[in-house]
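Worksheet for the structure shown next.
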Amino acid sequence: MSDNNAQLIASFLSYLRTECGASDNTVASYENDLRKFAAWLLPKPLNQAQRTDISQFISAALAEGLSGRSAARRLACLRHFYRFLVDEEEISSEPTRNLPVPKTWKTVPKALSLADLEKMVTSLGTTWIDIRDRAILLTFFASGLRESELAALKLQDLDLEAGAAKVWDGKGGKDGLVPLSPPAVAALKHYLDAVRPHLDVQTGASHVFLGRRGKQLTRQQIYYRVRDIAKAAVGKKISPHFLRHGFATVLVEGGADIRDVQVLMRHSDVDTTAIYVHTDLNYLRRTYYATHPRARFAQLQG
């Protein structure tokens with residue numbers, strides 16, 4: 001990478017950290033997207049990119065199998081980057097202006113079913129790892145936490161008497177409260193009373209979920225634990241995000257307003273919630289017959 005490109009990217013990432021309060025995960029994701037675009041654009045430098053360059057870059061990525069959602073995220077990164085360059089007077093006009101956003105609505109998030117969750121939870125035994133992992137699964141499904149948020153959860157963030165936890169949003173630096181269901185609270189209390197005191201003797205760690213040596217579980221370790229439990233229990237490839245989607249799905253299917261789900265999922269835009277929430281045809285049919293007066297009449301006549 002040229003020195004000029006490297007300097008532009010470094011300045012932008014510094015701006016994200018210091019002025020936007022972006023999380024480490026967001027900064028790393030943006031850096032990865034910008035480096036890919038810079039390599040694709042060679043020999044042209046980043047500050048000479050044109051609208052057609054960006055359009056062709058996104059189109060090429062889609063043709064290679066990149067999902068619509070990932071392409072939209074990549075375009076959002078480039079929009080932010082070039083708006084920054086305009087503000088810094090590195091360029092005179094924004095090349096991403098009026099570029100259409102790749103279609104993301106076709107990608108329906110996969111959600112964990114209650115049946116699969118029950119199989120995963122009941123597959124766990126009584127070892128200290130099983131007790132911890134049961135608390136992880138039930139906390140995920142009860143709160144809709146992202147894996148990075150669950151990994152960052154600290155003891156002082158928990159209020160088990162109130163059935164809630166304070167969370168620092170790993171995507172936007174927003175803190176808030178998330179609910180904890182009675183099964184999640186019970187599993188957490190069991191883990192905190194019976195297991196965790198034996199793990200943090202050496203480290204004095206403040207994070208809730210610890211590994212064998214008393215150190216904070218990383219989001220990668222949490223991802224692999226969920227994946228391995230699911231593979232053994234239900235024979236499916238399931239990630240922590242499936243549990244997050246499952247959290248949103250059961251709320252909507254239980255009658256929750258999408259605006260309330262937006263708050264609980266900690267989405268800044270309700271459109272994001274609409275994309276995340278999975279609703280199947282059977283649920284829509286049940287809702288239709290339960291709420292539409294003409295539909296109820298037709299059902300009785302039919």
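Numbering of residues begins at 1 and proceeds along the displayed sequence. Being a predicted model, the structure only gives us computed values, none of them experimental. Side chains included, hydrogens not; waters and symmetry mates left out as well; all remaining heavy atoms used.
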Step-by-step side-chain contact (heavy atoms from CB on, under 4.5 Å) determination, Tyr30 to Ile9 | CA-CA 9 Å; Tyr30 273 39; Ile9 291 175; over 6 Å; no
Work out which heavy atom in [X] is nearest to a heavy atom in [Y]; give both atom names and the distance.
X: Val27; Y: Ala22; value: CG2-CB, 4.0 Å
X: Pro179; Y: Leu264; value: CD-CD2, 3.8 Å
X: Leu160; Y: Leu180; value: CD2-CD1, 4.0 Å
X: Tyr191; Y: Val208; value: OH-O, 2.7 Å
X: Ser123; Y: Ala233; value: OG-CB, 3.7 Å

Do Val195 and Ile222 share a hydrophobic cluster (ILVMFWY, side-chain heavy atoms under 4.5 Å, transitive)?
-> yes
If you group Ile, Leu, Val, Met, Phe, Trp and Tyr by side-chain heavy-atom gaps below 4.5 Å, do Leu41 and Phe84 land in one group?
-> yes
Ion pair check, Arg97 and Glu94, cut-off under 4.0 Å | no
Roughly how far apart are [X] [atom1] and [Y] [atom2], rounded to 0.5 Å?
X: Lys236; Y: Lys231; atom1: NZ; atom2: NZ; answer: 15.5 Å
X: Ser11; Y: Leu16; atom1: OG; atom2: CG; answer: 11.0 Å
X: His207; Y: Lys215; atom1: NE2; atom2: NZ; answer: 13.5 Å
X: Tyr82; Y: Glu88; atom1: OH; atom2: CD; answer: 14.5 Å
X: Asp33; Y: Phe81; atom1: CG; atom2: CZ; answer: 12.0 Å
X: Tyr224; Y: Thr218; atom1: OH; atom2: OG1; answer: 9.5 Å

[X] side-chain N/O to [Y] backbone N/O, donor-acceptor pair under 3.5 Å:
X: Asp116; Y: Ser113; answer: no
X: Asn5; Y: Leu46; answer: yes
X: Gln216; Y: Ala151; answer: yes
X: Ser14; Y: Ala10; answer: no
X: Arg244; Y: Met265; answer: yes

Test side-chain contact (heavy atoms from CB on, under 4.5 Å) on Glu149 and Ser143 and set out the steps.
-> CA-CA 11 Å; Glu149 294 168 345; Ser143 63; over 6 Å; no
Side chains of residues 131-141: which donor-acceptor pairs under 3.5 Å do they make with residues two or more places apart or in other chains?
residue, atom, partner, partner atom, Å
Arg132, NH1, Leu210, O, 3.1
Asp133, OD2, Arg225, NE, 2.8
Asp133, OD2, Arg225, NH2, 2.5
Arg134, NH2, Leu124, O, 2.7
Arg134, NH2, Gly125, O, 3.0
Thr139, OG1, Ala135, O, 2.6

Over 12 non-hydrogen atoms of neighbours within 6.0 angstrom of CD in Glu161 = no
Any chance CD of Gln220 has more than 12 other-residue heavy atoms, nucleotides or ligands included, within less than 6.0 Å?
-> yes
Parallel, tilted or perpendicular: rings of Trp40 and Phe37 (30°, 60°) = parallel
So the side chain to side chain donor-acceptor pair (under 3.5 Å) pairs with at least one residue in residues 46-55 (sequence neighbours excluded) are Lys44-Asp53
Steps toward side-chain contact (heavy atoms from CB on, under 4.5 Å) verdict (Arg196, Leu155) | CA-CA 11 Å; Arg196 195 186 178 286; Leu155 293 174; 3.6 Å; yes
Can you list the steps and then say if Phe57 with Leu78 is a side-chain contact (heavy atoms from CB on, under 4.5 Å)?
-> CA-CA 11 Å; Phe57 171 67; Leu78 293 175; 4.0 Å; yes
